[in-house]
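The analysis underlying the following values was restricted to heavy atoms, covering all of them including side chains, and did not include hydrogens, waters or symmetry mates. Residue numbers start from 1 in every chain, and the chains themselves are labelled A, B, ... in the order their sequence lines are given, proteins ahead of strands.
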There are 2 protein chains.
Amino acid sequence: MSELLYYDLKDVAGVAPSLATQVCRELGRRIVGGLVREGALIDDENKLCERFGVSKSVVREAVKLLVAKGLLEVRRGSGTRVRRRASWSLLDDDVLAWHLSVEPRPGFLNQLLEVRQVFEPSAAAWAAKSATRDQIDEIRAAQRKMENAEEIQDYVVADALFHRAVLRAANNEVLMAMEGVIFSALLSSIRLTNADPRDNKRSIPLHQKVLAAIEAQDADAAEAAMKEHLEGTRERLAQFTADESEGK
Amino acid sequence: MSELLYYDLKDVAGVAPSLATQVCRELGRRIVGGLVREGALIDDENKLCERFGVSKSVVREAVKLLVAKGLLEVRRGSGTRVRRRASWSLLDDDVLAWHLSVEPRPGFLNQLLEVRQVFEPSAAAWAAKSATRDQIDEIRAAQRKMENAEEIQDYVVADALFHRAVLRAANNEVLMAMEGVIFSALLSSIRLTNADPRDNKRSIPLHQKVLAAIEAQDADAAEAAMKEHLEGTRERLAQFTADESEGK
DNA sequence: ATGATACTAAACATCAGATGTTTCAATTGT
DNA sequence: ACAATTGAAACATCTGATGTTTAGTATCAT
């Protein structure tokens, strides 16, 4: 197990993830990245042990994890194969992260944003109706962090925290489970828009608008403001990917 | 491993799931069901082996699966503990199913339906814009099945197929990953409204309306029709849970 | 030739037990 | 008291043996 050793945002700083986790990530990235065709058999357990230099237990745990994420299907006797893309758990944090770390297609980012455009405005509306004082404080704190951020990274993280806080304030457990989707989407937007910090700061007033509406318990305004903000994000993404495919 | 042996909808008929899967389900159900407090340590590997009568490999695989689903957190040296509820992957098919198979609170079903009310109308709108002929055929086929269903079970399954077909026709991969949410929600509604078949048949014209709008490529109408349908479902659920808590 | 049966190799499933590593807490020496 | 040491508990990994299922192949009777 020398070639591997992946670190992830989820890992606590300095602590190496278990071998099983590492093998899982390596295989997951390759599958999501399309290096193994859908429906194709992957190497058998022994081959995998050899390839990664680990024991069978480790390989088995890794494979099981990928089965749980819908990426693999193992059949005793015949082997382990990649399931068709439609069966993958795209809402799983890891699967999503692998997609975004590997996926060059702008189409996927678009689809992700489309989905955010659907549920985040509703989340804002619900937050306006049901947010507690603490939850509003959390949103406000994120807003302040965005305003005070000097480094682009701090800004983007604060942005993500803002959206997560709104999601939490909606007080819907199922919705809250989409937290990972937001973080992943934001994270990948870092890569795209990293270049131009000024462009990002532009979205502060729109966040402010969302916050104000939630503070005022005005559900309609909150929904509209969030919708407006995401529409802006979408336009910028479209413009950026256009530049990308054309200019480069 | 005698006491266990759970079967699930996912299992192919007649094929017993692996021991690891069974142990995973048993532990998962107990955790989701609240038999183990959040933050509490669970039994160590040896104890679990003893309790379930399986070897350590099996227990480890099961635990790893639950870690992947966000239910557990293992720390070498100190033990394995239940993560706080907010960290659970509520969108994972299994976790969702465990919730619904165990959760007595009507609040959760409500939240699930709220989320459906958010994204299914949009899915219908997108389907109206981008569905292929085959995808529309799939929706229509489900509609016919609902109309021709004689048994209540066939009816409910057809209902689920209808909603899934709409989701697919939206041609958004991320959205499609919410398929499991719909099936789980529908499945649990079986238990609630099982009693009155006539009441269910009432929703056929609303499904028809959605189908017609999608066929006509009228996005606004499709969105409105789906919204109307889900609103009806919601009212019935509210009424039903009211009866439940009052009458019984 | 053809169809059914039996055999076999491949691949996953499970078990058992040994050894390493990390954490936490109790013990010990000052 | 306090800091360092020690040891038990618990997870991580390895090894190798044995069982089960599957798919393909070879064989044999008709």
Side-chain angles (χ1 to χ4, degrees), chain A residues 1-8 10-27 36 39-68 71-83, chain B residues 1-8 10-27 36 39-68 71-83:
Chain A
M1 200 64 189
S2 46
E3 352 157 16
L4 295 182
L5 239 198
Y6 284 110
Y7 285 91
D8 223 87
K10 292 201 299 187
D11 304 327
V12 186
V15 177
S18 73
L19 289 183
T21 304
Q22 291 177 53
V23 171
C24 173
R25 282 179 191 165
E26 171 69 13
L27 286 175
V36 197
L41 285 171
I42 66 171
D43 290 348
D44 65 66
E45 289 180 347
N46 289 328
K47 280 248 178 58
L48 290 177
C49 292
E50 202 181 320
R51 245 178 63 189
F52 293 119
V54 297
S55 76
K56 208 163 48 179
S57 341
V58 171
V59 166
R60 280 184 58 79
E61 280 184 17
V63 168
K64 272 283 159 59
L65 289 179
L66 292 171
V67 169
L71 266 56
L72 292 179
E73 174 189 27
V74 333
R75 277 212 296 260
R76 175 182 180 136
S78 70
T80 300
R81 62 187 67 236
V82 177
R83 292 182 70 186
Chain B
M1 200 63 191
S2 47
E3 352 156 16
L4 295 181
L5 236 196
Y6 284 111
Y7 285 91
D8 224 87
K10 290 202 301 187
D11 303 327
V12 185
V15 177
S18 73
L19 288 181
T21 305
Q22 291 177 53
V23 172
C24 173
R25 283 179 191 164
E26 171 70 13
L27 287 175
V36 197
L41 286 172
I42 67 170
D43 290 347
D44 64 67
E45 288 179 348
N46 289 328
K47 280 250 177 58
L48 289 177
C49 291
E50 201 181 319
R51 244 177 64 188
F52 293 119
V54 297
S55 75
K56 209 161 48 179
S57 337
V58 171
V59 166
R60 280 184 58 79
E61 280 184 15
V63 168
K64 273 283 158 62
L65 289 180
L66 293 171
V67 169
L71 265 56
L72 293 178
E73 173 190 29
V74 332
R75 278 212 296 260
R76 178 189 215 167
S78 68
T80 301
R81 62 187 68 235
V82 178
R83 293 180 70 186

Need the bend value for the helix from dA1(C)-dT30(D) to dT30(C)-dA1(D): angle between end axes, 5 pairs each end, nearest 10°.
20°
If the condition is side-chain contact (heavy atoms from CB on, under 4.5 Å), which residues does Ala20(A) pass it with, not counting sequence neighbours?
Ser18(A), Val58(A), Glu61(A), Lys64(B)
Listed partners of Asp44(A) passing salt bridge (Lys or Arg N to Asp or Glu O under 4.0 Å), at least two apart
none
Side chain to side chain donor-acceptor pair (under 3.5 Å) involving Asn46(B) - partner list, sequence neighbours excluded
none
Leu41(B) atom CG is separated from dA25(C) atom P, nearest whole Å, by 11 Å
Can you sort out the partners of Val67(A) under side-chain contact (heavy atoms from CB on, under 4.5 Å), two or more places apart, ordered by chain and number?
Val63(A), Leu72(A), Val74(A)
What string of B, S and - do you get for nucleotides 7-16 of chain D 5' to 3' if you count protein non-hydrogen atoms under 4.0 Å?
--BBSBBBB-
Could I get the full list of side-chain contact (heavy atoms from CB on, under 4.5 Å) partners for Ser78(B), not counting sequence neighbours?
Arg75(B)
Taking side-chain contact (heavy atoms from CB on, under 4.5 Å) as the definition, give me every residue that meets it alongside Ala68(B), ordered by chain and number, with sequence neighbours left out.
Leu65(A), Lys69(A)
Would you say Arg81(B)'s side chain and Glu73(B)'s backbone share a donor-acceptor pair under 3.5 angstrom?
no
Output all residues satisfying salt bridge (Lys or Arg N to Asp or Glu O under 4.0 Å) with Arg76(A), sequence neighbours left out; order by chain, then residue number.
none
